[in-house]
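Everything below concerns the one structure shown next.
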Amino acid sequence: MILEDNEQILQRKKNLQEIIDLGFSAYTHSYKHTHTIREIVNLYADKTKEELETLHIEVRVPGRIRAIRKMGKAAFITYSDGQETLQIYIRSNEVGEKLWKLFELLDLGDLIGATGFLFRTKTNELSIHSKDLEFLAKALTPPPDKHSGLQNKEIRYRQRYADLIANRDVREVFIKRSQIIREIREYFDSHGYIEVETPMLSPLATGAAARPFVTHHNALDITLYARIAPELYLKRLIVGGLDRVYEINRNFRNEGLSIKHNPEFTMLEFYQAYSDYKDLIKLTEELIAGLVEKVCGTLEVEYEENKINFARPWACLTMREAVIKYWPENLTPPTKEELIDPIILSRLVKELGVDIAPSANAGKLLGALFEHLVEPHLNNPTFITEFPTELSPLSKESKEDPRFVDRFELFIAKMELANAFSELNDPVEQRHRFEEQMQQRAHGDDEAMVLDEDYIRALSYAMPPTAGEGIGIDRLVMILTGQRSIRDVILFPHMRPERKNLEQEDSEDSESSEGSENSEDSKKTSENQNAE
RNA sequence: GGAUCCGUAGCUCAGUUGGCAGAGCAGCUGGCUUUUAACCAGCGAGUCGCAGGUUCGAUUCCUGCCGGAUUCACCA
């Protein structure tokens, strides 16, 4: 078991039993209350001692015990609703023997309700003078240290409940996250979009360059993939005449973890018919600058010792302009034309020591140069446009130069935050692009995109000229809440399973595996399977 | 997957140039009827991540493993 008895847990179990023996119910079914603690604080924080005496406000309020200060026959209990704290004052001669006994059996972390009237103490602290306590639930596990909180990151991520109890600023981050997503919905709902949901499980993992998670449908006996992007489904809806759609949901990519990557992450994708990528530049500025202003109250946001300035208009460079701009100062920069020539590009890549096969196509080489030279500089919001066609199998090519597509990515705080383009709607050209991708797959690139026949069939019904965009919500939340790690904006970030859990799963699995010799061996087997 | 760092009481952290393991909070006992990091007196609490090795002796040194953080790779 994960919950191991120690001195403190045993003591709390004993206290719980004594509470039950006194005739209180162990875990109550509900608690009718007049206020939450934050409501009390909001309503009465500015009332004076005299005002409270005159008003004599009777309240009934639940919360979690954070501290107990006992002075012989009277005591203060500080308790909290997670956001605000309030203190309860009780006297043994007022509550009676039984309730005083209950009080003495309370532990930090227990949930209780207090009934009484509001007053201010000698030191002017707003408090409930309580004559009736109700016991709501026992904390068998002691809460983290009341001053230093919970620091251990592993426990914070694995046991987010404990993190939320101990660290109030963590709660603030996730409240902000919720607010951000609400504001995004509000923006699209008020701009004629409808919110849709498309499959998370699909027979094809396509619409992005990434490796998928694989699963199996028993009844149909087929392989299914957790989606890597909703893109192709959303554009099917544009074909069907839903001219403006958006979806906020999870994507799953089977790749390494990092400070900026979680295997499941939340993506906003939206598509707008009869528009092109330039329309989305304006929309993106308006959406994100509006969000920043609402959530942060300013357009200048502090992030990792830098200031990010969201004042519009944002910088906009083509990929080749950006590469030339950030070319190492001691070297002669190439010309724009040189930056699409595969022979020159492979020479440049070698000279700069960029880690990519020099035999890659011109688009990939340019992309690698960009990542190497430019990305680390893009702190303020910057749109990068004019992507190589080879990197963009779903984008419409540029009228001026078919080697490039009408696409942009938005970078903020050195992170890719958004990706948008004019959608390729020519089914013949789309098939051609897919086939090129499939060729790359055949040559061992298992992230090249998979051909989707039904998507081509959908395009053959005619899709309007359309612009579409994806925005990484987790990264956006990181920037707006000042968090450096994506794990601090995801409630339950992906972690390796705890060893104790692994052992549990193994014993459940072992019924299907033939006579497993010892648990050490079967553990290794399951770890290997997970790794593949 | 590679590199670096980390894992000591419920929590936050000291510490041991290899010799019986320490503090604050939390817990227990007692005192205290307006405290607020309450206070005062006393007490208990540990597989020093796990498994081996070296050693008279390992929490400390070495190796492997588990878990975490950071970073590189992967991942636009």
Side-chain angles (χ1 to χ4, degrees), chain A residues 3-12 14-15 49 66-78 85-95 100 107-109 119-127 129 139-158 162 165-167 208-211 228 253-263 265 319 355-356 363-364 366-368 370-372 374-375 384 387-388 391-392 407 409 411 415-419 446-447 470 472 484-485 487 493 495-503 520 523-524 527 531:
Chain A
L3 195 62
E4 278 163 25
D5 280 345
N6 60 42
E7 188 193 24
Q8 304 212 26
I9 289 178
L10 288 173
Q11 180 64 42
R12 282 158 181 263
K14 186 168 150 254
N15 290 349
K49 189 171 189 145
R66 295 187 88 103
I68 296 173
R69 293 178 294 281
K70 187 180 160 195
M71 292 145 298
K73 298 198 160 48
F76 288 96
I77 302 171
T78 297
T85 60
L86 186 64
Q87 69 173 9
I88 302 164
Y89 176 61
I90 54 169
R91 286 179 182 160
S92 63
N93 62 329
E94 289 176 345
V95 297
W100 188 254
D107 290 296
L108 303 192
F119 77 112
R120 281 189 187 276
T121 61
K122 272 184 196 168
T123 51
N124 211 34
E125 170 135 353
L126 182 65
S127 313
H129 192 129
L140 294 178
T141 302
D145 188 278
K146 63 181 169 184
H147 315 306
S148 37
L150 185 61
Q151 303 298 328
N152 184 321
K153 289 205 171 179
E154 181 171 356
I155 302 179
R156 288 189 44 219
Y157 297 146
R158 286 191 197 280
I165 288 169
N167 301 322
R211 281 178 294 172
I228 56 175
R253 297 187 183 175
N254 206 337
E255 59 197 30
L257 311 178
S258 86
I259 208 165
K260 293 175 190 169
H261 296 86
N262 195 61
F265 62 98
M319 184 178 276
D355 186 24
I356 184 171
K364 285 194 175 174
L366 175 56
F370 171 80
E371 276 178 36
H372 182 79
V374 183
E375 271 197 34
I384 298 295
F387 277 62
L391 287 183
S392 316
R407 171 179 176 187
E409 281 187 354
F411 289 85
M415 288 190 286
E416 180 198 335
L417 213 86
N419 178 19
D446 54 3
E447 276 153 17
R484 182 171 134 70
S485 168
R487 293 181 201 97
M495 303 283 274
R496 275 200 173 79
E498 280 179 274
R499 194 158 183 85
K500 280 164 185 165
N501 285 349
L502 262 183
E503 280 163 14
E520 280 308 309
K523 193 179 300 153
K524 276 174 198 148
E527 276 165 13

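Below, all heavy atoms of this structure are taken into account, side chains as well, without hydrogens, waters or symmetry copies. Within every chain, numbering begins at 1; the chains are lettered A, B, ... in the order of the sequence lines, protein sequences first and strands thereafter.
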Per the atom types in the model, does the base of B/G44 pair as donor or acceptor with the side chain of A/E7 at under 3.5 Å? yes

In Watson-Crick or G-U wobble terms, with both distances under 3.5 Å, the base opposite B/G67 is B/C6

Would you say B/U70 has OP1 or OP2 under 4.0 Å from some side-chain N or O of A/R487? yes

Quiz item: Does A/F370 reach the side chain of A/I384, with side-chain heavy atoms less than 4.5 Å apart?
Solution: yes

Taken to the nearest 0.5 Å, the spacing of A/M319 CE from A/R407 CZ works out to 7.0 Å

Considering only heavy side-chain atoms of A/M71, the closest of B/U71, B/G10, B/U34 is B/U34

request  = Tell whether A/Q8 reaches the base of B/G10 with its side chain through a donor-acceptor pair below 3.5 angstrom.
outcome  = yes

What nucleic acid atoms does A/F265 come within less than 4.0 Å of, heavy atoms only: base, sugar-phosphate, or nothing? nothing

Heavy-atom count check: over 12 atoms from other residues, nucleotides or ligands less than 6.0 Å from A/K73 NZ?
no

Review point. Per the atom types in the model, does the base of B/G10 pair as donor or acceptor with the side chain of A/D145 at under 3.5 Å?
Key: no

Testing B/G68, B/C11, B/C75 for proximity to the side chain of A/R496, the answer is B/G68

Winner on side-chain proximity to A/R158, out of B/U34, B/U12, B/G67, is B/G67

Worksheet entry | Flag side-chain contact, heavy atom, 4.5 Å: A/F76 against A/T121 | yes

Taking the P atom in each of B/G15 and B/G30, what is the distance between them to the nearest angstrom? 37 Å

Check your understanding: Is a side-chain donor-acceptor pair under 3.5 Å present for A/T141 with A/R12?
Key -> no

Nearest-Å distance once atom C1' is located in both B/A9 and B/G44:
11 Å

Pairwise C1' distance for B/U12 and B/A37, with rounding to whole Å: 13 Å

query: Any side-chain N or O of A/Q151 under 4.0 Å from OP1/OP2 of B/U12?
result: no

task = Considering just the side-chain nitrogens and oxygens of A/K146, establish if one lies under 4.0 Å of OP1 or OP2 belonging to B/A26.
result = yes

From the candidates B/G10, B/U33, B/C13, the one with an atom nearest any side-chain atom of A/R91 is B/U33

message = Rounding to an integer number of angstrom, what distance separates B/A3 and B/A73 when you compare their P atoms?
response = 16 Å

Nearest-Å distance once atom C1' is located in both B/G46 and B/G27: 15 Å

Quiz item: Reckon A/K70 touches a base, only the sugar-phosphate, or nothing at all at heavy-atom distances under 4.0 Å?
Solution: base

Using the C1' atom as the point on both nucleotides, what is the distance between B/C6 and B/C43, in whole Å? 33 Å

Under a 3.5 Å limit on both distances, the Watson-Crick or wobble mate of B/U55 is none

**Prompt:** For the side chain of A/E125 and the base of B/U35, is some donor closer than 3.5 Å to an acceptor across the two?
**Reply:** no

Check: Taking atom CZ of A/R158 as the centre, does the number of heavy atoms from other residues, nucleotides or ligands within less than 6.0 Å exceed 12?
Finding: yes

### Query
So, is A/R69 close to the B/A37 phosphate, meaning a side-chain N or O under 4.0 Å from OP1 or OP2?
no

